[in-house]
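Each remark here refers to the structure printed beneath this line.
Predicted model only: the values in this text are computed from it and were never measured. Atoms within a ligand are numbered from 1 in the order they appear, just like the ligands themselves.
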Amino acid sequence: MQDLKPLLVTTPIFYVNDRPHIGHAYAATIADVCRRYAQLRGRPACMVTGTDEHGQKVAERAKSEGLLPQEFVDRMAPRFRDMAATLGVGFDHFIRTTDARHRETVARLWQRLVNQGDIYLGSYEGWYSVSEETFLTEKELLEGNLCPYSKQPARRVSEPSYFFRLSAYQDRLLDFYRTHPDFILPKGRYTEMVRFVEGGLRDLSVSRTSFRWGIGVPGAPEHVIYVWLDALVNYLSAIGGLTLCDKHKANTAASEASPVTSAFWPPTGESLHVVGKDILRFHAIYWPAFLMSAGIEPPTRILAHGWLTVDGEKMSKSRGNFVPPEPLAQLLGEDALRYCLLRDIALGSDGDFSHERLLDRYQSELASGLGNLASRILVSLVQKVLGGAVPAPAPTLDTDAEKALRAAAARCARAARTAYEEYTFHRAIEAIWELVAETNRYVDKRAPWTLKAPEERAELGHICYHVLEVLRIVSVLVSPVMPRKAGELREMMGLPPLTPTPRLDFWPEDSWGGLQAGLKVNVKHGLFPRLETAVISQFRPDNAIAAAISQNAAAPAAAAPKGEKPMNANAADTLAQRTTAKPAVSTQQGASGSAAKDTEEAMSALIDFDDFAKVDLRVGRVISAEALPKSDKLLRLKVDIGETEPRQIIAGIRAFYAPEALVGQALLVVANLKPRKMMGEISQGMVLAVKDGTRLGVLNPTIDAPPGTRAS
Ligand code: MSP
């Protein structure tokens with residue numbers, strides 16, 4: 001039995017300046033698996049997730065969408081809550097940095113650091129873009145120290161700023177790392193952080209006067225508390241605030257608001273922060289130093305995961321390969337998505353997410369692997385031949401094949417336990433699927449379907465029992481990764497759900513024989529139904545799922561939630577038909593002062609002329625235009641592009657054009673896109689358009705060129 005100290009698992013709090021994508025989903029899934037595994041072992045565990053809502057970028061984003069910052073963040077935060085639900089990620093508390101409790105905790109922590117003498121007033125020097133009214137990092141600057149947004153020279157300026165005496169914590173941090181060798185995992189990251197701190201620490205600027213959207217410095221309201229000092233404190237706010245952490249008093253007040261209390265923090269509990277490698281330094285260095293200064297124990301463990309790329313490329317809006325988790329979870333089910341996110345990548349390493357691999361894994365490992373194993377026994381034999389009840393084993397009929405299967409199940413449970421405890425979830429999955437494969441081979445070898453005669457019933461029952469017992473064991477082993485499917489599998493076998501219970505360890509090691517004969521089998525549908533061609537075809541880049549993905553990338557971040565009319569329901573359908581949209585069509589992102597990160601990414605996404613030449617751009621003339629019934633976004637256009645028949649093009653421009661105003665207009669058409677279906681209608685091309693804030697206009701040739709003329 002593992003350590004039973006209560007465990008707090010946290011995800012990073014997500015920036016709300018954009019909508020959730022599978023990178024966020026990956027982080028949340030990892031945290032959820034940690035929580036579920038602990039609970040499965042009888043350990044009290046809870047989880048906190050939430051949103052990081054302050055800072056200049058959020059304020060700018062709100063402005064670009066014509067909203068007040070608070071309005072903007074109020075629209076965005078539910079998207080991250082919904083993401084958790086979409087993924088089956090359960091949390092006990094959702095914290096927002098605009099919550100009153102959090103704001104108060106930050107202000108009080110600040111005061112503690114001041115009382116400790118760890119905060120002093122100095123001046124922050126940096127590159128400032130006058131036109132954009134913002135500080136820029138060295139990395140953001142273009143050559144010649146130009147601002148990447150205005151292309152004007154940035155100025156070296158300084159502004160008053162409070163500093164935290166981080167340098168004073170170097171030795172204490174190094175001591176702490178020495179005495180807590182598992183503080184940072186994977187090990188390679190631990191070494192990296194230790195080296196970094198050994199290299200010397202500079203004091204940290206912890207306030208800004210250049211923007212207002214944040215928590216004011218107590219007593220100096222012209223300063224806003226630096227976004228990381230604000231954000232990291234969420235972990236304390238979530239467990240009840242500052243005083244409640246002090247000396248781990250029994251926490252009653254906090255439990256009224258949230259089931260998560262300071263008992264989950266060391267030393268009474270253990271806290272595990274799941275973070276991406278890009279934010280490790282903040283968690284592994286700044287955060288313990290802040291806490292040491294405030295007299296609070298550092299967290300127990302920081303688990304740093306790697307980054308996901310998409311189809312081999314860094315995910316970014318400028319590449320148009322921004323993948324939201326929802327459409328995938330809807331098509332394949334949340335557990336299939338969770339499985340695939342964790343299947344390939346060793347935690348800590350970067351990994352690639354590909355739609356094709358997702359589909360392959362679903363078909364071969366879920367549908368043909370576990371799904372087929374369950375249905376070939378449960379439906380074809382237990383329900384059809386054995387009267388629908390779990391048969392009893394018949395020890396006298398045991399063969400080497402059964403012995404080997406039992407040994408494999410025991411091996412697998414041990415391997416999966418080690419893997420979960422070492423946070424190597426891909427290994428846990430590997431071990432479980434090895435057992436599934438072995439069991440499928442066992443079934444092939446024993447060929448139970450040949451045992452039809454009444455005198456062979458006992459042997460048939462013995463074989464089926466073995467497979468069902470493996471399935472019971474698998475339902476437990478796999479439950480942290482695939483909680484819903486584990487529950488479905490158990491229900492099919494008449495087993496009770498795995499309800500987390502403190503001190504009750506469900507782990508099925510050395511538990512062979514736990515399945516009771518006589519349980520009523522009840523299969524209503526396959527565990528992982530084979531995908532229909534229509535669903536499979538949606539994974540092609542030119543089809544609906546790709547469009548959903550691109551539309552998500554193209555639409556404004558704070559577009560009104562479902563049911564409301566989306567703001568700027570714009571060029572998504574015209575400009576963003578492909579998952580991997582080329583930079584040539586990346587103007588779809590709207591006019592907001594795009595982040596420097598995006599600029600960098602856009603630069604590295606430059607294409608060769610040959611790539612551009614593949615796009616068949618032609619002048620078209622609109623022959624007819626009409627609104628598509630049941631859609632408030634789409635128009636059906638017939639466009640002459642110099643072929644014998646006009647093309648039908650479905651364009652998402654209804655909000656911007658009355659259909660009749662388009663008839664006769666010349667415009668530019670991408671003529672060699674694969675056709676795709678939209679609202680049941682085939683679209684045979686794409687109309688180019690430009691969007692400026694809330695306006696959208698189709699592109700016209702400036703000379704009177706006949707339809708079909710190629711543009712280059
Ligand atoms: N708000 C900060 C975190 C503050 S925690 C006190 C932040 N937010 S974020 O939204 O930008 O990122 C949230 C998490 O998502 C980070 O851990 C980050 O590493 C992770 N990911 C963002 N993109 C990712 C991928 N492409 N792949 C995997 N994870 C990535 O940072």
Report the part of His305 (side chain from C-beta onward, or backbone N, CA, C, O) that has a heavy atom under 4.0 Å from ligand 1; answer both or neither where that applies.
side chain
Geometric N/O contact [X] with ligand 1, under 3.5 angstrom:
| X | result |
| --- | --- |
| Val275 | no |
| Leu232 | no |
| Trp307 | yes |
| Tyr235 | no |

Those atoms of ligand 1 less than 4.0 Å from some heavy atom in [X]:
| X | value |
| --- | --- |
| Asn234 | 6 (C) |
| Met315 | 26 (N) |
| Gly276 | 17 (O), 19 (O) |
| Gly306 | 28 (C) |
| Asp52 | 1 (N), 2 (C), 4 (C) |
| Asp278 | 18 (C), 19 (O) |
| Ile279 | 3 (C), 16 (C), 17 (O), 31 (O) |
| Ala231 | 6 (C) |

Counting only heavy atoms, tell me which of Gly23, Ala25, Pro12 gets closest to atom 25 (C) of ligand 1.
Gly23
Ring pair (Phe, Tyr, Trp, His ring centres under 6.0 Å) partner of Phe282, the single match among Tyr226, Trp228, Phe196, Phe290
Trp228
Looking only at side-chain N and O atoms, does [Y] offer a donor or acceptor that is under 3.5 Å from a partner on [X]?
| X | Y | value |
| --- | --- | --- |
| Trp213 | Gln56 | no |
| Asp230 | Thr97 | no |
| Arg112 | Gln116 | no |

For the atom pair CG (Leu229) and CD1 (Ile215), what is the distance rounded to the nearest 0.5 Å?
8.5 Å
Are any of the heavy atoms in His21 under 4.0 Å away from ligand 1?
yes
Check for me whether Phe282 has a heavy atom closer than 4.0 Å to any atom of ligand 1.
no
His21 ring center near Phe353 ring center (under 6.0 Å)
no
Does the gap between the ring centers of Phe183 and Phe176 come in under 6.0 Å?
yes
Taking the basic N atoms (NZ, or NE/NH1/NH2) and the acidic carboxylate oxygens, is any pair closer than 4.0 Å for Arg357 and Asp360?
no
Heavy-atom side-chain contact between Leu342 and Tyr26 under 4.5 Å
yes
Parallel, tilted or perpendicular for Trp265 and His273, by the 30°/60° rule?
tilted
